[in-house]
Trainee: 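Before I ask anything, here is the structure I am working with.
Naming convention: chains lettered A, B, ... in sequence-line order (proteins, then strands); numbering from 1 in each chain.
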Amino acid sequence: MLQEAQSVVSQISGADIATAAKYIAAGICMGIGAIGPAIGEGIAAAHALDGMARQPEMEGALLRTMVLGQAITESTGIYSLLIAIVLLFVV
Amino acid sequence: MFGPLGKKLIAHVSIGGFPISFDLITIIMSWIVIALLVIFALILRRSLRQEVDEKPNRVQALLDALIDLIKSQLTSSFSSDRLARELFPFIATLFMFILASNLISVIPYFESPTKDLNVTFSFGLLVFFMSQFFAMRRKGVGKYFKGFIEPYPFMLPLNIVGELARPLSHSFRLFGNMFGGAIMLSIVYIFPFTSWVIPIGLNFFYGLFVGTIQAFVFSLLAVAYINVAVET
Amino acid sequence: MHFEWGVVVKTLNWTFIANLVNFAILLYLMKRFLYKPALAYLDRRRELIASRMEAARQSEERAEQLAAQREQELSAAREQARRTLDDARAHAEEIVNASKGTARQEGERIITEAQRQIEQEREQMKEDLRRSYAEIAVLGASRVLNREVNLSDHERLLNELLLEVDDEALRMRQ
């Protein structure tokens, strides 16, 4: 048993470790990188909803600004996606 | 369209010894989208054959609504009316192309061209170069380059990175949303216990809801980037 | 030319350029088939609507003008009628007042005339009475003086005189 395990471990090369590290890093990158934009977009949507409830006549402008702000907030998440893709496919 | 998950059909062509590779599925899909849009445009144009003083028909109402939507967004976003008028065809075409590309993924075996990074990145770079061009035309070359060392000269690298990050995030946003939707759909579809009803709802969610919002966001951001580059 | 199954995101390839070409073609086609005719059509319709709005505005303006004019005329006519009525009423009142005045005057005149006549007659009567008293006195005196007067004669004479006076008075009263 122990010898089998040792033989398996001895077959692991540096490239295998690098591949595993790539996948783990991509997963962590995407997972952590998604937290910030999610919270930020939620806050933006909540406040826009507040504003819409208070002033329904401003709904169009608020919606447009909210979507724009969320799109820009999402940039950080997009960057982490970019890094994850680079880790997975390019590195 | 025909391939396994995560694979695409690449065509390698060599022109005069120079190797060129295409993504065939993306190109065929965008041709289909273009054909659909042109048919749509012809249908819309056919409604214009009647006289001006007749009562507008339904297709004209659709055309009116579409043009009004895009035009009002443009005129409220751009500070100069001239720029809005100039950019109207570009933005409208961009919006309709991306919207049609996103919506077409609802049909089975049709993959949206916006799922391909090449497409979104070309649009992002196009918007980037257009914004720089309009900024240069508006402010003059000297003032345009001076804008990079404002407010302080040591901000130069920051400004350049900020400018360059825009097309990246712009194109990767659309790509990430569409690609992520497709991957989610594929993953749900693989497992036997989720492959019965859920993919239909998920397909509609990603195709219709996310697709529409992302098309809107992409064109809105294109407008905003050009406007910001021109104004500041 | 050969095909292979590739990974999705490998690198950017020439699809990039192909997509730009596609987009340029689409832009041209949309401009040619949709934007130009549609915008021209919408512009024409906007112009038509504007011209019709202008025409409607003008006709409305004219209608308002006409209405104002009519209103003015109507009010003038009403004013005229009112004035005429007032005039008539005033005239009538005047006439009534005048006739009332003349009637009163006439009445007063008649009354004063009658009073004057009565006064005159009374004066006349007084005069006549005085004159007849004087005559009677003169007659009585003459008779007294002309005859032998005795008591019975006196009495008879006085009675005759009284009768005469009475007759005279009766006659005069008539």
Trainee: More than 12 foreign heavy atoms under 6.0 Å from CE of M184(B): is that the case here?
Mentor: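 12 or below, so no.
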Trainee: Would you say Y35(C)'s side chain and F88(B)'s backbone share a donor-acceptor pair under 3.5 angstrom?
Mentor: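 Here the side-chain-to-backbone pair does not exist.
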Trainee: Tell me, side chain or backbone of L125(B) under 4.5 Å from chain C's heavy atoms, or both, or neither?
Mentor: side chain
Trainee: Would the distance check show the side chain of T15(C) and the main-chain N or O of D23(B) forming a donor-acceptor pair, the cut-off being under 3.5 Å?
Mentor: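 Checked: pair present.
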Trainee: With the side chain counted from C-beta on, respond yes when F23(C) and F90(B) share a heavy-atom pair under 4.5 Å apart, and no when they do not.
Mentor: yes
Trainee: Looking at CZ of R45(C) and CD of Q60(B), how far apart are the two atoms once the value is rounded to the nearest 0.5 Å?
Mentor: 5.0 Å
Trainee: Mind checking the CZ-CZ spacing from R45(B) to R32(C)? Nearest 0.5 Å is all I need.
Mentor: 6.5 Å
Trainee: Above 12 or not: heavy atoms from other molecules or residues under 6.0 Å from CD of E79(C)?
Mentor: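 For E79(C), atom CD is crowded (more than 12 foreign heavy atoms under 6.0 Å).
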Trainee: Below 4.5 Å from any heavy atom of chain C, which atoms of I34(B) appear? Answer side chain, backbone, both or neither.
Mentor: both
Trainee: What do you reckon, is CD of E54(C) surrounded by more than 12 foreign heavy atoms closer than 6.0 Å?
Mentor: yes
Trainee: From L26(C) CG over to L37(B) CG, what is the distance, rounded to the nearest 0.5 angstrom?
Mentor: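 The CG atom of L26(C) sits 5.5 Å away from the CG atom of L37(B).
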Trainee: Does anything in residues 96-103 of chain B reach chain C? List residues with heavy atoms under 4.5 Å apart, or say none.
Mentor: M96(B), F97(B)
Trainee: To the closest 0.5 Å, what do you measure between CG (D116(B)) and CZ (F16(C))?
Mentor: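 The CZ atom of F16(C) is 11.0 Å from CG of D116(B), to the nearest 0.5 Å.
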Trainee: Can you say whether F40(B) sits under 4.5 Å from chain C via the side chain, the backbone, both, or neither, judging by heavy atoms?
Mentor: neither
Trainee: Supply the atom-to-atom distance D64(B) CG to Y41(C) OH, rounded to the nearest 0.5 angstrom.
Mentor: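 OH of Y41(C) is found 9.5 Å from CG of D64(B).
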Trainee: Quick one: of I25(C), L39(C), I17(C), N19(C), who has the most non-hydrogen atom pairs under 4.5 Å with chain B?
Mentor: N19(C)
Trainee: So for atom CZ, which belongs to F205(B), do other residues, nucleotides or ligands contribute more than 12 heavy atoms lying within a distance under 6.0 Å?
Mentor: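 Check passes, neighbour count above 12.
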Trainee: Need one label for L27(C): side chain, backbone, both or neither, based on atoms under 4.5 Å from any heavy atom in chain B.
Mentor: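 For L27(C), the contact with chain B is made by backbone and side chain together.
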Trainee: I'd like to know which of V33(B), T120(B), I67(B) tops the heavy-atom pair count under 4.5 Å against chain C.
Mentor: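 Looking at each option in turn, the highest pair count goes to I67(B).
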